[in-house]
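A quick note: this is a predicted structure, and the numbers were derived from the prediction, not measured. A, B, ... follow the sequence lines: proteins, then strands. Residue 1 opens every chain.
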Amino acid sequence: MASAGDTRLGRAAGQPAWWLQVVPVILGLGAFAVYATLRAFEGAYFQWGPYLSPFYSPLIDVHHKYWPFSPALLILGGPLGFRVTCYYYRKAYYRAFFFDPPACAVTEKSGRVYRGETRFPLILQNAHRYFLYLAVIFMAFLWHDAVRGFLFNDGFGVGVGSIVLLANVSLLSLYFLSCHSLRHLVGGKLDCFSCAVAGRARHQAWSWLGALNEQHMLFAWISLFGVGLADFYVRLVSSGAIRDLRLL
Amino acid sequence: MSDATLKIFRGTREIGATVDYRVPIAPGMVVLDALHYVQSHLAPDLAVRWNCKAGKCGSCSAEVNGRPRLTCKTRMDTFPQDKPITILPMKSFPVIKDLVTDVSWNYKVNKKIPPFQPRAGVEWRMYQEDIDRVQEFRKCIECFLCQNVCHVLRDHDKQEQFGGPRFFVRVAGLEMHPLDGLQRTGLLKTELGIGLCNITKCCTEVCPEDIHITDNAIIPLKERVVDDFYDPLLGLVRKIRNAKEPAK
Ligand code: SF4
Ligand code: SF4
Ligand code: FES
Ligand code: FES
């Protein structure tokens, strides 16, 4: 007879292959990371007519007076920090890149020291709310860019790019509004809604954000692809690879 | 009527292996029925813990084909009939005999949590909006499937430093209670080690009561811990207000 410990080897018998969950995350995040890095360093083709790529917004020191490199690098930290410390992405990359755990009830490599988020550097994940505060500023700029995307030289108009930028900022807003830290800030931190100042309104807002929060993973992914595609569109138009179609 | 093969762990903490049993399948049969069939016809000494057979007592937890489940809520027809179904005891707890494990560690953790304590002079009136959240946590049936699947306990053996998802659910129910006057964020940070949880959501995936453990209990509690220990701005506000620091 084998020992009780030996049967642990057969533990995953009949389970769906764990890598089926991990591989799409590795591919999705990996592809975005490579594309975003290349584009951030490129420092060109980020503007055309009324359109500005979301990777370059807000546009700072575009004429390289103080900063010799790509202007995207000046602002990248904000959105990057927001995503990296996001509760959903943390789950995604702890599983896919750290195998901590690779999937549920799938044994991890043993013998590794595990400290979760209790020590440096992962303890810094607790700063997520500060990136949320920063994200408010970014969202304001992106909405401004989206509105400007409708203001052509000859006045109001609608191009494919205008719609792309509007769709992008809408998806980013859904991602932003479904954030766990925002939900906490708006009302989650209260123990008693009816005892708090403006408690009813905060309860209502908290419930709405809670409903969005249930879809946070979905918004995280579609807004990630959305922002990549929006940048790609601006790049195509700006580099002359395609012409922006003016609809109105 | 067709037969299914069950591979059931037989043995103790020291020694054991899976043993095959053929069980006739009846319509609507659940895994616990199959185990009862084995007990009454093939192996009367098979140890199985169960009580209600209705998904309410939380006794019949085991790992069926590598996934932690209530055996009384797992239908046999969810598995392909031509392959054996493996039934093992919960991995994170010491085996007493066969499928019965010693879950007493959980009761020790439970004792660390100060129970409900009403605020001084509180008015005993609650509004529905104040208790919506807490009601979800009261659904827990203490099946300990979440504790079993959590990699912090399962793979990293942090029983000494970590309370586990079930007890975060309990603390969430107390912390968000509109009438409770105690603050347990210090306990969460130190003795219950909430920082060891890396929000990878396996607990949520296995909870038979569909409690959104990670999103509704753990993450909101992590945010409360940030409020009290990791947010320098809030710390400053507290100092200015000369508020009492949370119990360490
Ligand atoms: S989310 Fe946290 S508590 Fe739940 S299983 Fe994962 S590590 Fe454990
Ligand atoms: S939280 Fe869910 S999985 Fe955990 S003990 Fe309670 S009912 Fe079981
Ligand atoms: S939790 Fe994902 S953005 Fe805040
Ligand atoms: S026997 Fe009670 S929950 Fe399964």
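Annotation: B:Phe116, atom CZ; neighbour count of heavy atoms from other residues, nucleotides and ligands within 6.0 Å is above 12. The environment of CZ in A:Phe32 is crowded: more than 12 heavy-atom neighbours from other residues, nucleotides or ligands sit within 6.0 Å. No more than 12 heavy atoms of other residues, nucleotides or ligands lie within 6.0 Å of CZ in A:Phe232, so this atom counts as exposed by the packing criterion. No more than 12 heavy atoms of other residues, nucleotides or ligands sit less than 6.0 Å from atom CE of A:Met217. The environment of CZ in A:Phe41 is sparse: at most 12 heavy-atom neighbours from other residues, nucleotides or ligands sit within 6.0 Å. Counted within 6.0 Å of CD on B:Gln128, heavy atoms from surrounding residues, nucleotides or ligands total more than 12; the atom is thus considered enclosed.
You'll find the side chain of A:Cys104 stays beyond 4.5 Å of the side chain of B:Arg154, heavy atoms only. A heavy-atom distance below 4.5 Å is found between the side chains of B:Arg133 and A:Phe193. For the pair A:Trp206 and B:Glu129, the minimum side-chain heavy-atom distance is 4.5 Å or more. Between A:Pro101 and B:Cys202, the closest side-chain pair of non-hydrogen atoms falls below 4.5 Å. In this structure the side chain of B:Leu233 never reaches within 4.5 angstrom of the side chain of A:Arg129, judged on heavy atoms. Looking at A:Asp100 and B:His151, their side chains come closer than 4.5 Å, going by heavy atoms from C-beta outward. Residues B:Tyr230 and A:Ile123 have side chains in contact (heavy-atom distance under 4.5 Å, counting atoms from C-beta outward). Contact of the A:Tyr87 side chain with the B:Thr214 side chain is not registered, since no non-hydrogen atoms from C-beta on lie closer than 4.5 Å.
Counting heavy-atom pairs under 4.5 Å between each of A:Glu117, A:His184, A:His180 and chain B puts A:His184 at the top. With respect to chain A, the highest number of heavy-atom pairs below 4.5 Å among B:Val206, B:Val152, B:Asp231, B:Asp215 belongs to B:Asp231. Taking B:Glu175, B:Met126, B:Lys7 one by one and counting their heavy-atom pairs under 4.5 Å with chain A, the maximum is reached by B:Glu175. Of all the listed residues (B:Asp132, B:Ile199, B:Val149), the one sharing the greatest number of non-hydrogen pairs under 4.5 Å with chain A is B:Ile199. Your options are B:Gln161, B:His177, B:Lys222, and the one with the most heavy-atom pairs under 4.5 Å with chain A is B:Lys222.
Relative ring orientation between A:Tyr114 and B:His156 is described as parallel, the plane-to-plane angle staying below 30° on a 0-90° scale split at 30° and 60°.
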Side chain to side chain contact (heavy atoms under 4.5 Å, CB included) assessment of B:Val226 paired with A:His128: CA-CA 10 Å; B:Val226 177; A:His128 181 59; over 6 Å; no

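When heavy atoms are compared at a cutoff of 4.5 Å, B:Lys158 approaches chain A solely by way of its side chain, counted from C-beta outward. Both the backbone and the side chain of B:Lys201 come within contact range of chain A, judged by heavy atoms closer than 4.5 Å. In this structure, chain B has no heavy atom under 4.5 Å from any part of A:Phe98. For chain A, the nearby parts of B:Pro232 are the backbone and the side chain; heavy atoms of each come within less than 4.5 Å. With a 4.5 angstrom heavy-atom cutoff, B:Cys197 touches chain A only via backbone atoms. With a 4.5 Å cut-off on non-hydrogen atoms, A:Leu190 touches chain B through its backbone but not through its side chain.
Remark: A:Arg183 does not engage B:Glu223 in a salt bridge, criterion side-chain N to carboxylate O under 4.0 Å. Residues B:Arg224 and A:Asp191 are paired through a salt bridge, judged by an N-O separation under 4.0 Å between the basic side chain and the carboxylate.
To the nearest 0.5 Å, atoms CD1 (B:Ile194) and OG1 (A:Thr118) are separated by 12.5 Å. Expressed to the nearest 0.5 Å, how far CG of B:Leu234 lies from NZ of A:Lys189 amounts to 5.0 Å. Expressed to the nearest 0.5 Å, how far OG of A:Ser181 lies from CD1 of B:Ile219 amounts to 9.0 Å. Rounded to the nearest 0.5 Å, atoms CZ (A:Arg119) and CG (B:Leu196) are 9.0 Å apart.
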